[in-house]
Chemist: 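Attaching a single structure in structure tokens format; questions to follow.
The first residue of the sequence shown is numbered 1, and numbering continues consecutively from there. Since the structure is predicted, the reported quantities are computational estimates derived from the model, not experimental observations.
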Amino acid sequence: MVSRQTFVVTGFVLAALPAAYLVELATGQFVLSFFALLGVGVGAPSLVNDYLDSRERDEDGV
């Protein structure tokens with residue numbers, strides 16, 4: 001069974017590729033598309049997983 005963290009990361013990584021491509025098309029700048037790739041593929045899943053982990057801890061009463 002796949003963990004929630006793995007599912008979240010996989011979803012954001014798959015979303016990061018078209019997002020970076022769309023940023024490249026819209027701006028024509030590779031640097032911005034690279035930052036979009038990092039932001040959506042690395043930053044966003046980390047923030048979402050941290051948030052969901054904190055919610056689970058709050059529900060458990062810890």
Chemist: May I ask whether V42 and F34 are part of the same hydrophobic cluster, defined by side-chain heavy atoms of I, L, V, M, F, W, Y residues being less than 4.5 angstrom apart, directly or through others?
Modeler: yes

Chemist: Using atom types as modelled and distance alone, determine if a side-chain donor or acceptor of S54 lies under 3.5 Å from a backbone N or O of Y51.
Modeler: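 Yes, S54 side chain to Y51 backbone: donor-acceptor pair under 3.5 Å.
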
Chemist: What is the minimum heavy-atom distance between R4 and L52, and which atoms define it?
Modeler: NH1-CB, 3.4 Å

Chemist: Got a list of side-chain donor-acceptor pairs under 3.5 Å for residues 19-33, not counting sequence neighbours?
Modeler:
from	atom 1	to	atom 2	distance (Å)
E24	OE1	F30	N	3.3
E24	OE1	S33	OG	3.2
T27	OG1	V23	O	2.7
T27	OG1	Q29	N	3.2
S33	OG	F30	O	2.7

Chemist: May I ask whether V40 and V48 are part of the same hydrophobic cluster, defined by side-chain heavy atoms of I, L, V, M, F, W, Y residues being less than 4.5 angstrom apart, directly or through others?
Modeler: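 Linked within one cluster.
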
